[in-house]
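This report concerns only the one structure given below.
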There are 2 protein chains.
Amino acid sequence: MGHTPANDKPRRTRDPEAHRAAILDAARACFTERGYARGTIRDIASRAGVTHGLVMRHFSSKEQLFVAAMPGPRDLADVVAGDPATLPERLALAFVERLDGAGGSDPLIALIRSTASNEEAATALYREMRQRSADAYRAVLDGLDVDVRIELLIAHLIGVTFSRHVIGVGPLAELPADRLVAQLARSVRQILFDQDVAPGSQAAGQDSGR
Amino acid sequence: MGHTPANDKPRRTRDPEAHRAAILDAARACFTERGYARGTIRDIASRAGVTHGLVMRHFSSKEQLFVAAMPGPRDLADVVAGDPATLPERLALAFVERLDGAGGSDPLIALIRSTASNEEAATALYREMRQRSADAYRAVLDGLDVDVRIELLIAHLIGVTFSRHVIGVGPLAELPADRLVAQLARSVRQILFDQDVAPGSQAAGQDSGR
DNA sequence: CGCCTTAATGACCAGGTGGTCATTAAGGGT
DNA sequence: ACCCTTAATGACCACCTGGTCATTAAGGCG
């Protein structure tokens with residue numbers, strides 16, 4: 001190292017597609033880590049090993065870069081297909097595997113981080129993602145209050161993601177994946193399927209609502 | 001208006017305590033709306049009707065202002081006291097009332113918004129708030145996996161808050177308060193108390209874990 | 001080999017940020 | 001009435017942000 005010929009002149013590699021891909025990867029990681037507002041173009045450029053001018057050249061604005069870096073909503077078809085009775089187990093497993101597996105750059109986390117501080121671009125993407133998954137669940141579920149149940153399910157998953165990955169503190173963040181899958185499968189099942197209050201308590205709820 | 005004597009010279013009111021309080025209110029509202037990163041001192045000063053220099057004079061830094069503006073974790077004693085069997089109903093009611101009632105400036109929302117983009121000060125406060133409520137629940141609950149259940153409960157409430165107040169979109173945001181209370185009481189009950197998988201499905205979970 | 005398209009750079013800009021500080025003036029104490 | 005403490009102001013600063021653009025040089029093609 002150091003005796004390479006002509007190493008003093010900054011060798012400039014010329015490979016638009018590779019650079020573009022590297023920038024997208026870096027953007028994903030950066031936005032996942034810091035959210036939209038705090039993720040800077042210069043940081044992304046640095047991670048990708050290019051200058052921030054090049055980032056602007058490939059994606060004309062920070063917002064366009066963000067949109068390009070966040071892939072469309074994942075297809076839930078394979079999770080949702082199959083016996084609805086075992087959906088909670090499949091769902092919990094897929095969910096935990098996806099988030100624990102993502103090497104620190106998952107669009108859902110990035111969107112939660114970004115949407116939280118009222119970023120328009122992020123909120124639009126988040127709404128789309130939310131709608132897509134709600135539709136997927138709706139297609140295979142049925143029953144009383146199914147829409148509200150699905151909303152509570154989504155909220156539940158978001159809350160778990162928030163605790164485990166966004167904050168990353170507390171028991172939920174330290175729970176081993178298999179334990180989390182088991183617990184999550186159970187709470188998902190309860191939210192989706194259990195229609196009545198549990199036995200063993202006199203259930204003082206003032207009344208059942210409408 | 002306009003013929004007030006000496007109205008051209010900017011009358012300078014001198015009232016440190018009132019200004020201090022106004023700044024804290026404005027800060028709460030601003031951070032709740034935009035989160036820590038996007039809430040600027042000048043915006044806060046403007047809402048409070050003072051200059052940003054004064055804000056810096058009262059609270060030496062943005063971070064100190066933030067800490068001062070976020071009140072300590074609410075005391076859950078009154079919610080938690082009473083028959084544990086009806087805790088879900090009391091909890092759901094208190095929770096929904098608190099967040100729906102706050103005139104657009106609740107510390108929990110501010111913390112969620114701020115913590116999301118990896119702000120150290122916010123994360124510390126959030127951890128404290130989380131710990132306090134977990135302890136309060138722990139004091140009156142018991143049973144298998146109670147710690148994990150409490151974590152799931154907190155995650156659930158955060159997810160609901162996120163959907164209803166932070167994003168403010170989707171069915172959960174439009175659900176009338178009383179309906180939400182009823183649904184929430186039920187899911188809280190299930191998470192806290194229902195120990196077994198529901199009847200009516202063969203419960204494919206690989207095994208119960210430890 | 002030299003040309004020529006164009007990928008890549010880095011200097012530059014305007015605007016906004018948190019933070020500092022000399023200056024002004026309010027209003028209680030004497 | 002005059003001070004004199006100090007609340008309040010607003011000009012100022014360094015820094016960082018997203019975004020622009022003239023300049024440079026890589027490398028395919030004739």
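Per chain, numbering begins at 1; letters A, B, ... match sequence-line order. Please read these numbers as outputs of a predicted model, since none were measured by experiment.
- One interatomic measurement links the two molecules: CZ of B:F59 to P of D:dA8, which rounds to 12 Å at whole-angstrom precision.
- Remark: P of D:dG18 and CD1 of A:I44 are 8 Å apart, rounded to the nearest angstrom.
- A distance-only check finds no donor-acceptor pair linking the side chain of B:R98 to the backbone of B:D106 [under 3.5 Å].
- In the set C:dG19, C:dT9, D:dG19, D:dG19 carries the atom at the smallest distance from any side-chain atom of A:K62.
- Place B:H52 and B:T13 on DNA chain C by their nearest nucleotides, and B:H52 ends up nearer the 5' end.
- Atom pair A:R14:CZ and D:dG28:C1' shows a separation of 9 Å (rounding to whole Å applied).
- A salt bridge is absent between A:R34 and B:E119: the closest approach of a Lys/Arg side-chain nitrogen to an acidic carboxylate oxygen does not fall below 4.0 angstrom.
- Regarding B:L54, its CG atom lies at a distance of 16 Å from the C1' atom of D:dA11, rounded to whole Å.
- Taking side-chain N and O atoms only, A:R57 has a distance below 4.0 Å to OP1 or OP2 of C:dA7.
- Between the side chain of B:R42 and the base of C:dT17, no donor-acceptor pair under 3.5 Å is found.
- The nearest whole Å value for the distance from the OH atom in B:Y36 to the C1' atom in C:dG18 is 9 Å.
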Candidate pair A:L192 and A:Y137, rule side-chain contact (heavy atoms from CB on, under 4.5 Å), full reasoning: CA-CA 10 Å; A:L192 285 185; A:Y137 299 141; over 6 Å; no

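- Here the side chain of B:M56 is nearest to one of C:dG19, D:dA8, D:dT6, namely C:dG19.
- When each of B:R38, B:R28, B:R47 is tested with B:E33 by the rule salt bridge (charged side-chain N to carboxylate O under 4.0 Å, His left out), just one qualifies, namely B:R47.
- Atom-to-atom, CD of B:E17 to C1' of D:dA8 comes out at 16 Å; the value is rounded to the nearest Å.
- Contact annotation for B:I41: backbone-only contact, meaning every heavy-atom pair under 4.0 Å involves sugar-phosphate atoms and none involves a base.
- Among C:dT20, D:dT20, D:dA7, the nucleotide with an atom closest to any side-chain atom of B:P16 is D:dA7.
- Backbone-only engagement by A:G39 is indicated by non-hydrogen atom pairs under 4.0 Å involving sugar-phosphate atoms exclusively.
- Distance A:R34 CZ to D:dG18 P: 11 Å, rounded to the nearest Å.
- We find that A:R189 and A:E89 are joined by a salt bridge, their nearest charged nitrogen and carboxylate oxygen being less than 4.0 Å apart.
- The CZ atom of B:R20 sits 16 Å away from the P atom of D:dT6 (whole-angstrom rounding).
- Remark: the B:R12 side chain and the C:dA25 base include no donor-acceptor N/O pair separated by less than 3.5 Å.
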